[in-house]
Amino acid sequence: MAFIYEEPSRTFNEYLLVPGYSSTECRVENVSLKTPLVKYRKGEEECPITMNVPMVSAIMQAVSGDRLAIALAKEGGVSFIYGSQTIESQAAMVKRVKTHKAGFVKSDANIRPDQTLAELLDLKARTGHSTTAVTIDGTPEGKLVGLVTSRDYRVSRLSLDTKVAEFMKPYEKLIYAKKGVTLSEANDILWDNKLNALPIIDDNQRLDSFVFRKDYDTHKEFPNELLDAHKRYVVGAGINTRDYAQRVPALLEAGADVLCIDSSEGYTEWQKLTIDWIREHYGDSVKVGAGNVVDREGFMYLAEAGADFIKIGIGGGSICITREQKGIGRGQASAVIEVAQARDEYFQKTGVYIPICSDGGIVYDYHMTLALAMGSDFLMLGRYFSRFDESPTNKLTLNGQVYKEYWGEGSNRARNWQRYDMGGDSKLSFEEGVDSYVPYAGPLSDNVRQSLQKVKSTMCNCGSLTIPELQKNAKLTIVSATSIVEGGAHDVMLRARNRE
């Protein structure tokens with residue numbers, strides 16, 4: 001007969017943290033949420049990618065576009081650009097994130113002097129950039145002959161067929177720096193001359209890059225921003241077990257820092273074959289996560305296969321109906337606890353620490369702290385991020401309430417058959433996700449900072465200033481149905497909130 005677990009399959013809702021001793025050092029401002037993203041030899045070397053907050057965004061059409069990836073990187077986390085799109089469009093999203101913020105930015109808004117104002121406006125609409133380099137041939141590395149900003153023209157006073165050469169700021173009047181200038185020197189030139197953009201040119205007057213004043217300002221506003229060695233935002237990308245031989249090279253060329261196999265169930269040979277191909281062609285230089293799994297055996301399989309991090313969770317997402325449709329999965333708390341034990345066992349045996357990611361089952365902010373305390377190194381969130389301005393979906397009003405669209409990758413709308421691929425036909429046989437709405441919540445930054453403030457405060461209650469300390473010191477208790485009721489407002493009549 002089948003193996004039957006003696007313990008029930010538990011969710012985060014069934015647990016509470018029990019407060020521990022808090023010293024005077026346990027203050028929110030002293031808490032660090034830094035956490036490893038990929039595997040490394042703990043105690044012997046630094047983790048190749050360390051996040052400043054334990055958050056990554058789900059590999060979903062309704063969540064992880066380039067706008068959200070930029071916003072989350074500013075807060076210290078990583079987005080995984082969704083892979084259920086063409087290779088070209090996914091690579092373009094990755095590239096937009098990598099070029100959005102850097103010390104020296106390659107120009108992606110370029111025009112020739114003989115082109116028209118109409119063409120300039122079209123370019124601005126496509127790129128979203130108001131600073132445009134004017135080069136002889138209109139290429140990013142062409143000879144620089146001028147610069148156009150929104151202050152150089154007024155649409156109401158110029159004909160749309162006016163040539164760019166007639167209103168651009170010519171090269172002779174530009175302040176620029178020569179290639180080889182340091183970022184610090186370039187920023188000094190920006191500030192001393194009250195510039196918003198500083199072109200960097202080579203000895204032949206060819207455009208090399210730009211340094212933007214807004215990037216300096218952004219760093220001051222977002223001290224936790226997650227940058228690579230070239231001062232660009234860190235970004236991930238989802239891949240599947242079908243077209244990886246074509247998709248992976250394109251994503252790496254676009255600048256992806258880390259990849260993740262997007263699959264509803266990761267304990268499969270398909271994932272091993274995908275990782276094998278990556279290792280054969282790139283060795284250990286390319287970082288790739290795998291999953292999802294819910295037990296020790298699944299973790300060990302992917303660890304031996306060479307995964308750089310491993311995701312946990314089947315059927316726990318708010319839009320996932322895999323458990324309803326197929327009867328497989330496990331309560332997220334039970335899954336995290338067992339996989340965390342396997343992670344520690346593997347580390348003791350090999351000296352290699354493989355971070356684990358809890359994917360799904362987060363309903364309330366305190367569930368984040370529970371997942372971390374149970375052993376997760378970081379969290380993958382879908383519904384949470386889908387509510388924000390930066391997610392790629394539409395806002396709409398229903399019965400006076402503002403919502404955003406949110407659908408699962410296993411839904412008919414997403415048609416992401418690769419995520420549920422079992423080697424058969426290239427289609428979805430049945431849905432494992434739903435199409436839904438979530439209450440609109442505003443900008444990502446405000447919400448993430450508030451959520452993490454709660455996490456930090458709870459960590460202080462547990463006498464912990466780092467995530468590893470929380471995992472070591474935390475005490476968890478299972479709660480009864482009646483204690484859940486006791487934990488909320490009860491036996492009172494709540495006063496209605498004033499609505500403006």
Exercise. Does the side chain of Gln332 come under 3.5 Å of the side chain of Ser358 through a donor N or O and an acceptor N or O?
Worked result: yes

Exercise. Hey, is Lys272 close enough to Glu304 for a salt bridge, meaning N to O under 4.0 Å?
Worked result: no

Exercise. Less than 4.0 Å between a side-chain N and a carboxylate O, is that true for Asp257 and Lys98?
Worked result: yes

Exercise. Of all heavy-atom pairs between Thr50 and Lys34, which one has the smallest distance, and what is that distance?
Worked result: CG2-CB, 4.2 Å

Problem set entry | Distance, nearest 0.5 Å, that separates CG of Asp359 from SG of Cys260 | 8.5 Å

Exercise. Hey, are the side chains of Tyr82 and Val63 touching, using non-hydrogen atoms and a 4.5 Å cut-off?
Worked result: no

For this session: Would you check if there is a donor-acceptor pair between the side chains of Gln90 and Arg247 at a distance under 3.5 Å?
Result: yes

Problem set entry | Salt bridge Asp377-Arg343, side-chain N to carboxylate O under 4.0 Å | yes

Exercise. Where the side chain of Asn30 meets the backbone of Cys26, is there a donor-acceptor pair that is under 3.5 Å apart?
Worked result: no

Exercise. Is it the case that more than 12 heavy atoms not belonging to Glu6 sit under 6.0 Å from its CD atom?
Worked result: no

Problem set entry | Distance in Å, Asn240 CG paired with Ile261 CD1, rounded so as to fall on 0.5 Å steps | 9.5 Å

Exercise. Is there a side-chain contact between Tyr244 and Ile278, using heavy atoms and a 4.5 Å cut-off?
Worked result: no

For this session: With the side chain counted from C-beta on, respond yes when Ile356 and Phe378 share a heavy-atom pair under 4.5 Å apart, and no when they do not.
Result: no

For this session: To the nearest 0.5 Å, tell me how far Asn224 CG sits from Leu33 CG.
Result: 8.5 Å

Exercise. So do Phe347 and Lys42 actually touch side chain to side chain, heavy atoms under 4.5 Å?
Worked result: yes

Exercise. Distance-only, no hydrogens or angles: does the Asp308 side chain make a donor-acceptor pair with backbone N or O of Val38 under 3.5 Å?
Worked result: no

Exercise. Does the cation-pi check pass for Arg387 over Tyr403, that is, NZ or CZ under 6.0 Å from the six-membered ring centre and within 45° of its axis?
Worked result: no

Problem set entry | Enclosure of Lys475 NZ (heavy-atom neighbours >12, cutoff 6.0 Å) | no

Exercise. Rounded to the nearest 0.5 Å, how far does NZ of Lys39 lie from OG1 of Thr350?
Worked result: 9.0 Å

Problem set entry | Side-chain heavy atoms of Val363 within contact of Asn13, under 4.5 Å | no

Problem set entry | Exam field: side chain Arg41 to backbone Glu45, donor-acceptor pair closer than 3.5 Å | no

Exercise. Do Glu14 and Arg10 meet the salt-bridge criterion of a basic N to acidic O distance under 4.0 Å?
Worked result: yes

Exercise. Would one find more than 12 heavy atoms of other residues, nucleotides or ligands at under 6.0 Å from atom CD of Glu345?
Worked result: yes

Exercise. If only atom types and distance count, is the side chain of Thr369 paired as donor or acceptor with the main-chain N or O of Thr458 below 3.5 Å?
Worked result: no

For this session: Ignoring hydrogens and angles, state whether a donor on the side chain of Ser64 or Ser57 is under 3.5 Å from an acceptor on the partner side chain.
Result: yes

Exercise. Within the distance-only criterion (no hydrogens, no angle test), does the side chain of Gln348 pair as donor or acceptor with the backbone N or O of Asp344 below 3.5 angstrom?
Worked result: no

For this session: Could you check whether the rings of Tyr364 and Tyr366 sit parallel, tilted or perpendicular, using 30° and 60° as the cut-offs?
Result: parallel

Exercise. Is there a side-chain contact between Leu476 and Met374, using heavy atoms and a 4.5 Å cut-off?
Worked result: yes

Problem set entry | Whether over 12 other heavy atoms sit under 6.0 Å from Glu46 CD | no

Exercise. So, Glu75 versus Ser445: side-chain donor-acceptor pair below 3.5 Å or not?
Worked result: yes

Exercise. Among side-chain atoms of Tyr440 and Asp389, is any donor-acceptor pair under 3.5 angstrom?
Worked result: yes

Exercise. When rounded to the nearest 0.5 angstrom, what distance separates CE in Met300 from CG in Leu302?
Worked result: 11.5 Å

Exercise. Judged by atom type as modelled, is there a donor-acceptor pair below 3.5 Å linking the side chain of Arg279 to the main-chain atoms of Val286?
Worked result: yes

Problem set entry | Heavy-atom side-chain proximity of Arg232 to His100 below 4.5 angstrom | no

Exercise. Does some side-chain heavy atom of Tyr384 sit less than 4.5 Å from a side-chain heavy atom of Ser451?
Worked result: yes

